[in-house]
Amino acid sequence: MITSVRGFKDIYGKEAKIWKKLENIIREVFSTWGFEEVRLPILEKTELFQRSIGDTTDIVEKEMYTFIDKGNESVTMRPEGTASVIRFINEHKLYTLEKNLKLYYLGPMFRYERPQKGRLRQFHQAGVEFLGDLTPYAEFEVLSLMDCLLEKVGIKDRILYINNLGCPDCRKTYRNSLLKYLENNQDLCEDCNRRKITNPLRILDCKQEKCKEIIKSAPKILDFICVDCKKHMTKLKELLTLNNISYEIDPFIVRGLDYYIKTVFEVHAKGLGSQSAILAGGRYDNLSKDLGGYDLPAVGWAMGLERVVLLLDETFVEDDSLDFFFIYFDDRGEKIILPLINNLRKKGVKVSYDPSKSSLKSKLRKADKLKSKYVVILGDNEINNGTFTLKNMEKGEQFALPLDKLENLEKEI
RNA sequence: GUGAGCGUAGCUCAGUAGGUUAGAGCACAAGGUUGUGGCCCUUGUGGUCGUGGGUUCGAGUCCCAUCGCUCACCCCA
């Protein structure tokens, strides 16, 4: 038997209904906030991700679905959405200083990782990017949007963690100070020793106990950020507090994508096991320029839809039900019922029937299983009397009505 | 890439120190009322016990390999 590929999943039945509703809420809230959808390709040139996410990040080093296409070009199935958005803006020259761009995307992403709870190889993200604004109002805009969205979806048990990584200048100072501190500590894990050279800030994010211990008393980035960065953060905190959006400062949030500067944040939810981050993002003012495009400041975040779906329970969507189920037993009945069903469906009435030769009892059982509100019975007795039987399944009551009432059956309920 | 746990019916799982034709619940189907659903009762359909090899008179059960799934590490949404 041929099965689906590891880490790739079919979504169907009740779960598909949950996804549909979740996506509807997302689109509605995004649109309310003035964000417009952009539908981006799944395949991009590999270089786009190497240069944006960063060559030494895990995503680029070992998690990308990269292959050489028939034109001998290295292409990659997108592992995230932000790089594509920036590529898109520059390619179509959409940037103007007068106007902020507010874009959103929603779709599948691909990373070659070992699957586990809340982590698949094909997963789905909904993300927003707010471009062209250097001020903390940009962060506030996307974070208040986040808060409203998660509230509407019904994710109650959540915490917003915020940090500031500083601008490139103050980060350099901090980096040196951090390295100096770590020089005197030889007990770091293997990975962290490697990170000293590749990406020292990631050491702050290490989960090893001994590293955590060392990091506890390490210098804090927030003590090193420059006056501008500090002002930026203070203003953002002020805006969040003013609008009742609760948050915690977490000086250890680093993020695994290289393009972030200044503000970074993560939203964690309870009940997800170890993959508790449902949404994360930050500011990436230099990404566009670094990719050879406009100087375009930006803030954005992405939400992992699988993880959000895991938090939703059965009550998020209600069961489908039918308006009418039709029961007949012979050609005389069929000639009346089938054209009628067609007409009702054209009017948007949800109906079904069972053309098999099974018994009335069996057909009623089927109607019950399909949660039909009403059943129309057109058997020998009815046809001989020029009537049909309309049964209310919930109340268990039924009436005989003249056949011509079938024309506008939906008005009888 | 690393580690641990688990693979028995469509689903959730039992299966005792290896011992006849491998079980239950749910789901599905038929009947209990020659035309009335849900609840209940009866009956039925459905399994190469993940796959391959080994030990044994005999393997779902023990051993080895392999594949798959899950969770965790790592990393991330």
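Convention: sequence-line order gives letters A, B, ...; per-chain numbering from 1.
The shortest distance between side-chain heavy atoms of A:L120 and A:E306 falls below 4.5 Å. In this structure, A:Y104 and A:R27 have side chains that are in contact, with non-hydrogen atoms separated by less than 4.5 Å. Residues A:T57 and A:L257 have side chains not in contact (no heavy-atom distance under 4.5 Å, counting atoms from C-beta outward). Between A:L103 and A:F88, the closest side-chain pair of non-hydrogen atoms falls below 4.5 Å. Two residues are said to be in side-chain contact when any heavy atoms from C-beta on lie closer than 4.5 Å; A:R6 and A:R114 meet this criterion.
When the P atom is compared between B:C6 and B:U16, the two are found 15 Å apart, to the nearest whole Å. Nucleotides B:G35 and B:A22, compared at atom C1', are 42 Å apart to the nearest Å. The same atom, C1', is picked in B:C67 and in B:U51; the two are 7 Å apart, to the nearest Å. Between B:C39 and B:U21, the distance separating the two P atoms is 38 Å to the nearest Å. To the nearest whole angstrom, the two C1' atoms, one in B:A29 and one in B:G46, are 11 Å apart. Using C1' as the reference atom, B:A17 and B:G1 are 41 Å apart when rounded to the nearest Å. A gap of 31 Å separates the C1' atoms of B:C49 and B:U2, to the nearest Å. One C1' atom belongs to B:C13, the other to B:G47, and the distance between them is 14 Å to the nearest Å.
Residue contacts for A:Q275: at a heavy-atom cut-off of 4.0 Å it reaches a base atom on one of the strands shown. When heavy atoms are screened at a 4.0 angstrom cut-off, A:A367 is found touching no nucleic acid atom at all. Within the 4.0 angstrom heavy-atom criterion, base atoms lie near A:G396. Contacts of A:S362 with the nucleic acid, taken as non-hydrogen atoms under 4.0 Å apart, involve only primed sugar atoms and P, OP1 or OP2. Residue contacts shown for A:Q398 include a base, since a base heavy atom lies under 4.0 Å away. Residue A:G118 is classed as a base contact, given a heavy-atom separation below 4.0 Å to a base. Among the protein residues, A:K361 comes within range of the nucleic acid bases, having at least one heavy atom under 4.0 Å from a base atom. Residue contacts for A:T57: at a heavy-atom cut-off of 4.0 Å it reaches no nucleic acid atom on any strand shown.
In this structure, A:K21 forms a cation-pi arrangement with A:F316, its terminal cationic atom sitting closer than 6.0 Å to the ring centre and no more than 45° off the ring axis. Within the cation-pi definition used here (under 6.0 Å to the ring centroid, within 45° of the axis), A:K335 does not qualify as a partner of A:Y328.
Heavy-atom distances to RNA chain B give each of A:G304 and A:K391 a nearest nucleotide, and the one nearer the 5′ end belongs to A:K391. Sequence order on RNA chain B of the closest nucleotides to A:T389 and A:A280 puts A:T389 first from the 5' end.
In this structure, the CD1 atom of A:I327 is 13 Å from the P atom of B:G35, given to the nearest Å. If you measure from atom CG of A:L272 to atom P of B:C76, you get 17 Å, rounded to the nearest angstrom. Note: NZ (A:K363) to C1' (B:G37) measures 14 Å, nearest angstrom. In this entry the distance linking OH of A:Y328 with P of B:G35 reads 18 Å, nearest Å. Note: CD (A:Q116) to C1' (B:A72) measures 6 Å, nearest angstrom. Atom NZ of A:K9 is separated from atom P of B:U70 by 9 Å (rounded to the nearest Å). Rounded to whole angstrom, the span from the CG atom of A:N385 across to the P atom of B:G35 amounts to 16 Å. B:C69 atom P lies 11 Å from atom CG of A:L120, rounded to whole Å.
Atom CG of A:L22 is separated from atom CE of A:M303 by 5.5 Å, given to the nearest 0.5 angstrom.
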* Asked: Could you walk me through whether A:Y174 and A:F224 pass the ring-ring contact (aromatic ring centres under 6.0 Å, His included) check?
  -> CA-CA 6 Å; A:Y174 172 66; A:F224 285 78; 5.4 Å; yes
* Derivation of the side-chain hydrogen bond (donor to acceptor under 3.5 Å, both in side chains) call for A:S84 and A:E44 -> CA-CA 8 Å; A:S84 298; A:E44 295 276 6; 3.0 Å; yes
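Inspection of the A:E382 and A:T387 side chains reveals no N or O donor paired with an N or O acceptor under 3.5 Å. Checked by atom type, the side-chain pair A:Y161/A:E266 shows no donor-acceptor distance below 3.5 Å. A:E139 and A:H232 are linked by a side-chain donor-acceptor pair at a separation below 3.5 angstrom, with hydrogens and angles left out of the test.
Counting atom types as modelled, A:R119 pairs a side-chain N or O with a base atom of B:C74 as donor and acceptor under 3.5 Å. Residue side chain A:R365 does not reach the base of B:G35 through any donor-acceptor N/O pair under 3.5 Å, judged by distance alone.
Distances were taken from every side-chain heavy atom of A:I59 (C-beta onward) to each of B:C76, B:C73, B:G37; the shortest belongs to B:C76.
With A:K102 as the fixed residue, the side-chain hydrogen bond (donor to acceptor under 3.5 Å, both in side chains) test singles out one of A:E36, A:E129, A:E141: A:E141.
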* **Base-contact (B) and sugar-phosphate-only (S) positions in nucleotides 2-9 of chain B, heavy-atom cut-off under 4.0 Å, - elsewhere** => BB------
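For A:R307, there are no salt bridge (Lys or Arg N to Asp or Glu O under 4.0 Å) partners, not counting sequence neighbours.
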* Asked: Where does RNA chain B pair, written as one dot-bracket string 5' to 3', with Watson-Crick or G-U pairs under 3.5 Å, ( ) inside the strand, [ ] for crossing pairs and | for another strand?
  -> (((((((..((((.....[...)))).(((((.......))))).....(((((..]....))))))))))))....
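Listed by residue number, the members of residues 148-156 of chain A with any heavy atom below 4.0 angstrom from RNA chain B form an empty set. Against RNA chain B, the stretch residues 368-384 of chain A makes heavy-atom approaches under 4.0 Å through A:D368, A:K369, A:I377, A:G379, A:D380, A:N381, A:E382.
Close placement of the A:Y284 and A:Y259 rings is indicated, their centers lying within 6.0 Å of each other.
The side chain of A:S359 places no N or O atom within less than 4.0 Å of a non-bridging phosphate oxygen (OP1 or OP2) of B:A30.
Among pairs with a residue in residues 55-65 of chain A, those fulfilling salt bridge (Lys or Arg N to Asp or Glu O under 4.0 Å) read A:D58-A:K62, at least two apart in sequence or across chains.
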